[in-house]
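Sharing a structure with you now.
Keep in mind that the numbers below use all heavy atoms, side chains included, and drop hydrogens, waters and symmetry copies. Lettering follows sequence order; numbering is per chain, from 1.
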Amino acid sequence: NAGVTQTPKFRVLKTGQSMTLLCAQDMNHEYMYWYRQDPGMGLRLIHYSVGEGTTAKGEVPDGYNVSRLKKQNFLLGLESAAPSQTSVYFCASTDRTQGANEKLFFGSGTQLSVL
Amino acid sequence: AQSVTQLGSHVSVSEGALVLLRCNYSSSVPPYLFWYVQYPNQGLQLLLKYTSAATLVKGINGFEAEFKKSETSFHLTKPSAHMSDAAEYFCAVSLTGFQKLVFGTGTRLLVSP
């Protein structure tokens with residue numbers, strides 16, 4: 001059982017380049033999330049999705065776009081990368097059920113550097 | 001807006017000593033509260049969570065946390081630290097579950113022999 005898989009694990013971009021980060025989960029989860037992690041700032045929510053075909057903005061959405069065409073995949077796009085987007089990006093997922101078993105499952109992260 | 005404050009970006013303990021990681025939240029109503037752990041080069045893993053069923057919550061690896069409404073705190077403790085506990089720990093808060101989960105800035109736990 002792979003859980004949440006992020007690709008790529010590392011990437012270096014030049015300012016202005018574009019790229020897409022892929023998140024795939026095999027747990028049939030409804031909810032998926034993209035976070036960025038920066039030193040001293042914890043994790044901040046970029047965008048999230050509550051189901052196939054839906055997306056919503058989080059705390060820091062500017063400069064990013066997302067798509068959820070298939071339930072198992074959540075793509076994060078950078079159209080024109082900027083140095084301020086240098087960060088570690090985490091994808092997470094969870095199912096719709098509230099209660100004792102509710103928790104986020106995280107991928108292992110993508111380290112992105114924008115020069 | 002709801003938020004969490006973690007006191008101390010780094011906490012150092014000796015192996016076998018008590019671990020205490022502090023978390024205070026700001027919310028006008030009792031929220032959902034979580035502690036996550038991140039080992040080097042890995043994603044976050046849930047340690048424990050509070051959802052109003054009981055004020056003392058037991059999690060994995062011997063960790064527990066107590067919800068104190070009067071102090072708006074949810075501190076994480078473990079009676080005896082192990083070398084394998086060295087990691088970064090994040091407190092998180094939400095009013096509605098995971099749609100609006102807000103993380104603290106993290107506390108790195110260092111365990112010395």
Side-chain angles (χ1 to χ4, degrees), chain A residues 2-7 9-10 21 23-25 27 29-51 54-61 74 87-111, chain B residues 1-10 21-26 30-54 57-61 63 65 87-108:
Chain A
V4 179
T5 303
Q6 291 183 232
T7 53
K9 294 189 184 302
F10 303 94
L21 306 183
C23 176
Q25 52 92 6
M27 297 171 283
H29 284 169
E30 292 286 341
Y31 292 3
M32 297 187 74
Y33 307 80
W34 277 107
Y35 289 91
R36 59 178 290 173
Q37 183 180 26
D38 302 291
M41 302 189 74
L43 276 77
R44 292 179 292 168
L45 182 63
I46 305 171
H47 285 281
Y48 65 98
S49 168
V50 299
T54 74
T55 62
K57 294 180 180 180
E59 181 185 356
V60 288
F74 194 30
S87 186
V88 181
Y89 292 85
F90 286 98
C91 177
S93 72
T94 188
D95 60 25
R96 195 191 295 268
T97 305
Q98 296 281 328
N101 294 322
E102 184 185 17
K103 66 178 180 179
L104 284 175
F105 292 81
F106 280 84
S108 57
T110 295
Q111 191 166 327
Chain B
Q2 57 180 316
S3 66
V4 287
T5 301
Q6 292 184 241
L7 297 177
S9 58
H10 292 81
L21 304 182
R22 300 177 185 274
C23 173
N24 288 87
Y25 67 91
S26 64
Y32 293 92
L33 290 160
F34 307 83
W35 275 100
Y36 278 82
V37 60
Q38 183 180 30
Y39 298 104
N41 301 314
Q42 295 185 25
L44 281 69
Q45 303 172 34
L46 181 67
L47 266 181
L48 51 82
K49 68 174 185 176
Y50 166 77
T51 57
S52 78
V57 183
K58 294 186 183 298
I60 62 172
N61 300 337
F63 283 93
E88 189 154 20
Y89 293 79
F90 292 91
C91 182
V93 64
S94 171
L95 293 180
T96 60
F98 285 111
Q99 286 188 36
K100 298 293 184 181
L101 199 61
V102 177
F103 286 87
T105 54
T107 298
R108 186 168 297 278

Closest non-hydrogen atom pair between B:Leu46 and A:Lys103, with its separation:
CD2-CB, 3.2 Å

I need the A:Tyr35 OH to B:Phe103 CZ distance, nearest 0.5 Å.
4.5 Å

Heavy-atom proximity to chain A below 4.5 Å, by part of B:Gln38
side chain

Residues that B:Gln45 engages under side chain to side chain contact (heavy atoms under 4.5 Å, CB included), provided they are two or more places apart:
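By the side chain to side chain contact (heavy atoms under 4.5 Å, CB included) rule, B:Gln45 matches B:Val37, B:Tyr39, B:Gln42.
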
Contact origin within A:Gln6 toward chain B - heavy atom pairs under 4.5 Å
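Contact with chain B is absent: no heavy atom of A:Gln6 under 4.5 Å.
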
Where B:Tyr36 and A:Leu104 come nearest, the two heavy atoms and their spacing:
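For B:Tyr36 versus A:Leu104, the nearest heavy atoms are OH-N, 3.1 Å.
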
